Trainee: 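Have a look at the structure that comes next, please.
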Amino acid sequence: MSTVDRSAVTVLDCTLRDGGYYTNWDFDGVLVEEYLAACAAVGIDVVELGYATLTDNDRGPYGKLPAGLTSPVRAALTANRAVRVAVMVDAGPLLHGQEAADAGARLAERLSAAPLPIDLVRVAVHYARVAGCTPLVDALRAAGFGVCLNLMQIDLADDQDVDETIAHVAAMGSLQAVYVADSLGSMHAARVKDLVERFRTGQDNPVGIHAHDNQGFALHNTLAAAEAGALWLDSTVLGMGRGAGNARTEQLLAALGQPADRLRPFLETAARHFLALLDKHRWGASPLYAIAGMYGVHPSYVQNLEAVPDHSPDTRLRALWSLAAEGANAFSAEKLRRVLAHD
């Protein structure tokens, strides 16, 4: 049992956003309605509804908010106002010139097209590009949003990189939280604790943790982060998320001391709706994901290798070792095709 005080931390469930990598951000409306009600019943603090974008794309409704959301889901969001609602924005396309300066107002206008009670935007940015994120963060705050900064692949940063990243974050001013994101599932608890402590002492914003389960460490690393002072903790139903997935919300809440009776509606929703998705998509820790995590290979390579039944175990292993040898911390479909062609 964790020694962390549940009342002192913010638990953010990002199932609809991170789990969308398996469903193309398309979820059954009944599933979403029951999920939102279960989150409220179990005391989840924040639900991340998906990705908000400024341009259309071929993703499902939760990958291009607010497009495609049904009226019952909107009603469920309104009915469960005890839960804050967040969206994620990919900073990559918005780090240059007028795009960044206009992003806050444009995003507010886009979201206002649907009655969604969204007040928090999480900005996902590679740690090495955080310096260019200030105009985007400023614009979002000016538009009335609370902002979290999710620092992707921070485990790849050396000591100087970490110090520079902390300095850039500190210069941004007030954030809801700055997240240490274990994007590659490569971290161990000692590294997690070190990064959390450095971000806590180097800047004034609360620190969060987003852990991936490549090596089976997601829950352990999340609790280690909390014990080191992280105040925002990410998780998903049954760990559903890109690649090996994330810390499991139901396990995290239990570890934080949630009474069994209060967990019941959440577990029943997971059993009714998410077990079938787990059986179909098979996310979670595995030997291939462990190799990817240990050698810094982007988890989407493994997800794509496992999505093709015709690939033999040896084909997958050879491709993965080739990727590890040449370096593959960013996903490239072309690179994957190339290593498979050489098999």
Side-chain angles (χ1 to χ4, degrees), residues 11-44 47-51 58-65 67-77 79-80 83 85 88 185 210-214 216 218-219 222 234-255 258 260-289 299-300 302-311 313 316:
V11 175
L12 185 151
D13 189 287
C14 50
T15 303
L16 299 181
R17 195 268 307 168
D18 217 343
Y21 285 98
Y22 280 106
T23 68
N24 193 35
W25 294 275
D26 190 4
F27 292 91
D28 177 76
V30 173
L31 175 153
V32 176
E33 292 174 57
E34 291 194 19
Y35 157 78
L36 292 171
C39 285
V42 83
I44 296 298
V47 166
E48 187 172 67
L49 198 60
Y51 280 103
D58 59 0
R59 291 176 172 178
Y62 298 92
K64 52 183 178 185
L65 294 171
L69 291 184
T70 63
S71 295
V73 170
R74 293 170 180 162
L77 285 169
N80 296 293
V83 181
V85 181
M88 180 166 275
H210 181 88
H212 281 196
D213 208 30
N214 296 53
L219 177 62
T222 300
D234 276 16
S235 59
T236 57
V237 181
L238 300 183
M240 186 180 190
R242 179 160 62 179
N246 311 98
R248 292 184 171 213
T249 299
E250 62 280 2
Q251 292 180 345
L252 175 60
L253 291 174
Q258 190 86 306
D261 286 348
R262 196 171 183 202
L263 276 172
R264 177 176 172 174
F266 195 88
L267 291 170
E268 289 182 345
T269 297
R272 287 193 189 101
H273 297 290
F274 288 91
L275 278 178
L277 292 174
L278 177 59
D279 288 342
K280 178 179 180 179
H281 297 292
R282 299 177 62 247
W283 65 82
S286 72
L288 293 183
Y289 279 121
S300 289
V302 178
Q303 187 170 328
N304 278 266
L305 286 168
E306 292 194 331
V308 181
D310 292 344
H311 290 330
R316 292 168 176 158

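Just so it is clear, the structure is predicted and the values come from calculations on it, not from any experiment.
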Trainee: Can you give me the closest heavy-atom contact between Y35 and V237, atom names plus distance?
Mentor: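 Nearest heavy atoms, Y35 then V237: CE1-CG2, 3.8 Å.
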
Trainee: Within a radius of less than 6.0 Å around CZ of R282, do more than 12 heavy atoms belonging to other residues, nucleotides or ligands occur?
Mentor: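 It does not: R282 CZ has 12 such atoms or fewer within range.
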
Trainee: Would you indicate whether D279, at its atom CG, is surrounded by more than 12 heavy atoms from other residues, nucleotides or ligands within a distance under 6.0 Å?
Mentor: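 Counting other residues, nucleotides and ligands, CG of D279 exceeds 12 neighbours.
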
Trainee: Of the non-hydrogen atoms in R59 and N24, which two are nearest, and what is the gap between them?
Mentor: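 Between these two residues, the closest heavy atoms are CA-OD1, 3.6 Å.
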
Trainee: Is the ring pair Y22/H281 parallel, tilted or perpendicular, if the boundaries are 30 and 60 degrees?
Mentor: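 Rings of Y22 and H281: tilted, 30 to 60°.
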
Trainee: Please name the pair of heavy atoms, one in P265 and one in A38, separated by the smallest distance, quoted to 0.1 Å.
Mentor: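 Between these two residues, the closest heavy atoms are O-CB, 3.9 Å.
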
Trainee: Start with the C-alpha distance between D234 and E48, add both sets of side-chain angles, then the distance that settles side chain to side chain contact (heavy atoms under 4.5 Å, CB included), and finish with yes or no.
Mentor: CA-CA 10 Å; D234 276 16; E48 187 172 67; 5.7 Å; no

Trainee: With sequence neighbours excluded, tell me which residues meet side chain to side chain donor-acceptor pair (under 3.5 Å) with T222.
Mentor: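 Residues passing side chain to side chain donor-acceptor pair (under 3.5 Å) with T222: none at all.
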
Trainee: Looking at CD1 of I44 and CG of L252, how far apart are the two atoms once the value is rounded to the nearest 0.5 Å?
Mentor: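 Those atoms lie 8.0 Å apart.
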
Trainee: Kindly write out the residues that satisfy ring pair (Phe, Tyr, Trp, His ring centres under 6.0 Å) with Y21, not counting sequence neighbours, or none if the list is empty.
Mentor: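 Only W25 meet the ring pair (Phe, Tyr, Trp, His ring centres under 6.0 Å) criterion with Y21.
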
Trainee: Given the rule in the side chain to side chain contact (heavy atoms under 4.5 Å, CB included) test, do L238 and W283 qualify, once you have shown the distances and angles that lead to the verdict?
Mentor: CA-CA 9 Å; L238 300 183; W283 65 82; 4.2 Å; yes

Trainee: Are any non-hydrogen side-chain atoms of L288 and L305 less than 4.5 angstrom apart?
Mentor: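 Counting from C-beta outward, L288 and L305 never come under 4.5 Å.
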
Trainee: Do you know which two heavy atoms are closest between M240 and G19, and how far apart they sit?
Mentor: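 Taking M240 first and G19 second, the nearest heavy atoms are CE-O, 3.4 Å.
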
Trainee: Between Y289 and Q303, does a side chain to side chain contact (heavy atoms under 4.5 Å, CB included) hold up when you go through it step by step?
Mentor: CA-CA 9 Å; Y289 279 121; Q303 187 170 328; 3.5 Å; yes

Trainee: Give, for atom NE2 of H210 and atom CG of L12, the distance between the pair rounded to the nearest 0.5 Å.
Mentor: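 Going from NE2 on H210 over to CG on L12, the span is 9.5 Å.
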
Trainee: Ignoring hydrogens, what is the shortest heavy-atom contact between R316 and H311? Give both atom names and the distance.
Mentor: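 Shortest heavy-atom contact: CZ-O, 3.4 Å.
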
Trainee: Taking all non-hydrogen atoms of both residues into account, name the closest pair between T249 and S235 and its distance.
Mentor: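 Looks like OG1-OG, 2.8 Å.
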
Trainee: Determine whether C14 and T236 satisfy the following criterion, side chain to side chain contact (heavy atoms under 4.5 Å, CB included), listing intermediate values before the conclusion.
Mentor: CA-CA 6 Å; C14 50; T236 57; 3.7 Å; yes

Trainee: What distance separates L263 CG from Q251 CD, expressed to the nearest 0.5 Å?
Mentor: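 Reported to 0.5 Å precision, the distance equals 11.0 Å.
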
Trainee: Do Y62 and R17 make a side-chain contact, defined as non-hydrogen atoms from C-beta onward lying under 4.5 Å apart?
Mentor: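 SC-SC contact between Y62 and R17 ruled out.
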
